[in-house]
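Notes to accompany the following structure.
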Amino acid sequence: TSKPVITIRNNPRFVFILVSLLFLVTTTLASKAKNTGTPIGSNEKYEIVITRDEETTYRKDDFGLFAEPGVVLEDTVIEVIISEEESLHNETDGKTVGSIYDLNVNENLLVGQVLITLPYEESEVSREEEVVIAYFDQERNRWVQLLSWVDADANVVSAYVNHFTEFAPWVWFTDKP
């Protein structure tokens, strides 16, 4: 008799468990980040240092960033600007349902993926399972959704990113890929 084989790759349960575990890690580990705490109007500005040889975990309120060792070519400082203002970008297909997180670096040394977690406003969402993380694509002048996971109990959404730009919790007005 043959034993059942559990495929880890492309297994939704495994991905959900892994992301949940990573979220738990981001909420419990100490931060390696330096908070510059500079309010800019309704914006806040922080710096996060991702180290090349060590795991990096950052938590500020419900915003989180987790990077495994080796995800950057050298230690990298990310400037995070959190804007609570309405997006200035075209939003005819959907809307932000929380703050916009602009992650900036002088030189993109990212060679892997970083897990980010963003809070969303539950009062702005009719179905929490439809919340995704989206980034603003400057070249195409539109928001693009990422494969995301929602923790409805904590009102946060998580996704892996392979570049730094503007990210926001997002819902579509109609079904869009």
Side-chain angles (χ1 to χ4, degrees), residues 6-33 35 37 42-50 54-69 71 78 80-87 89 91 93-103 110 112-137 143-177:
I6 298 174
T7 305
I8 292 175
R9 182 181 244 167
N10 297 328
N11 184 327
R13 279 194 204 141
F14 175 78
V15 171
F16 178 77
I17 291 169
L18 179 62
V19 169
S20 298
L21 181 61
L22 288 174
F23 178 76
L24 180 63
V25 168
T26 62
T27 59
T28 57
L29 292 176
S31 170
K32 291 187 179 288
N35 176 353
S42 65
N43 298 338
E44 292 182 68
K45 181 178 175 181
Y46 301 92
E47 289 182 350
I48 301 172
V49 179
I50 296 181
E54 297 178 26
E55 185 177 273
T56 302
T57 300
Y58 175 82
R59 293 293 295 160
K60 168 75 171 122
D61 299 321
D62 288 324
F63 169 73
L65 181 142
F66 175 78
E68 293 184 7
V71 78
I78 302 171
V80 180
I81 299 173
I82 305 169
S83 174
E84 295 183 17
E85 298 173 10
E86 293 290 320
S87 172
H89 304 301
E91 296 184 11
D93 294 334
K95 68 175 183 172
T96 59
V97 290
S99 298
I100 297 172
Y101 292 78
D102 192 1
L103 281 61
L110 192 61
Q113 293 187 330
V114 172
L115 178 68
I116 62 170
T117 299
L118 306 179
Y120 61 87
E121 294 293 328
E122 183 178 16
S123 61
E124 295 185 35
V125 176
S126 59
R127 294 179 50 193
E128 290 183 86
E129 65 272 10
E130 294 181 354
V131 178
V132 296
I133 291 180
Y135 70 91
F136 190 75
D137 184 330
W143 288 92
V144 178
Q145 84 177 42
L146 298 170
L147 177 61
S148 307
W149 299 268
V150 173
D151 179 344
D153 293 333
N155 294 332
V156 295
V157 57
S158 300
Y160 285 99
V161 300
N162 60 7
H163 67 288
F164 298 117
T165 187
E166 291 178 289
F167 297 96
W170 181 267
V171 293
W172 295 105
F173 294 141
T174 59
D175 292 334
K176 286 259 183 191

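Between R59 and T117 the shortest side-chain heavy-atom distance falls below 4.5 Å. Two residues are said to be in side-chain contact when any heavy atoms from C-beta on lie closer than 4.5 Å; D151 and W149 fail this criterion. Proximity of P119 to N155: side-chain heavy atoms (C-beta onward) are nowhere separated by under 4.5 Å. Between L146 and F167 the shortest side-chain heavy-atom distance falls below 4.5 Å. For the pair E130 and W172, the minimum side-chain heavy-atom distance is 4.5 Å or more. By the 4.5 Å heavy-atom criterion applied to side chains, V161 and Y135 are not counted as neighbours. F63 has its side chain within reach of I48: a pair of non-hydrogen atoms, C-beta onward, lies under 4.5 Å apart. By the 4.5 Å heavy-atom criterion applied to side chains, P69 and E55 are counted as neighbours.
Taking every heavy atom of both residues into account, P169 and S99 meet most closely at CD-O, 3.3 Å. Listed here is the closest heavy atom pair of A159 and I133: N-CD1, 3.6 Å. The shortest non-hydrogen separation linking S148 to V157 is CB-CG2, 3.7 Å.
For the atom pair CG (D93) and CD (Q145), the distance works out to 11.5 Å, reported to the nearest 0.5 Å. Rounded to the nearest 0.5 Å, atoms OH (Y58) and CD (E47) are 10.5 Å apart. Between the CH2 atom of W170 and the OG1 atom of T96 there is a distance of 6.5 Å, given to the nearest 0.5 Å. One distance of note links CG of L118 with CD1 of I100; it measures 11.0 Å at 0.5 Å rounding. With values rounded to the nearest 0.5 angstrom, D61 atom CG is found 7.5 Å from I82 atom CD1.
Of the listed residues (T57, L103, V80), just one forms a side chain to side chain contact (heavy atoms under 4.5 Å, CB included) with L65, and that residue is L103.
By the ring pair (Phe, Tyr, Trp, His ring centres under 6.0 Å) test, F164 pairs with no residue at all, sequence neighbours left out. For A67, the side-chain contact (heavy atoms from CB on, under 4.5 Å) partners at least two apart in sequence or on another chain are I50, T56, V71, V114. When the side-chain contact (heavy atoms from CB on, under 4.5 Å) test is applied to N162, the partners found at least two apart in sequence or on another chain are Q113. Residues that satisfy the side-chain hydrogen bond (donor to acceptor under 3.5 Å, both in side chains) test with Y120, not counting sequence neighbours, are E128.
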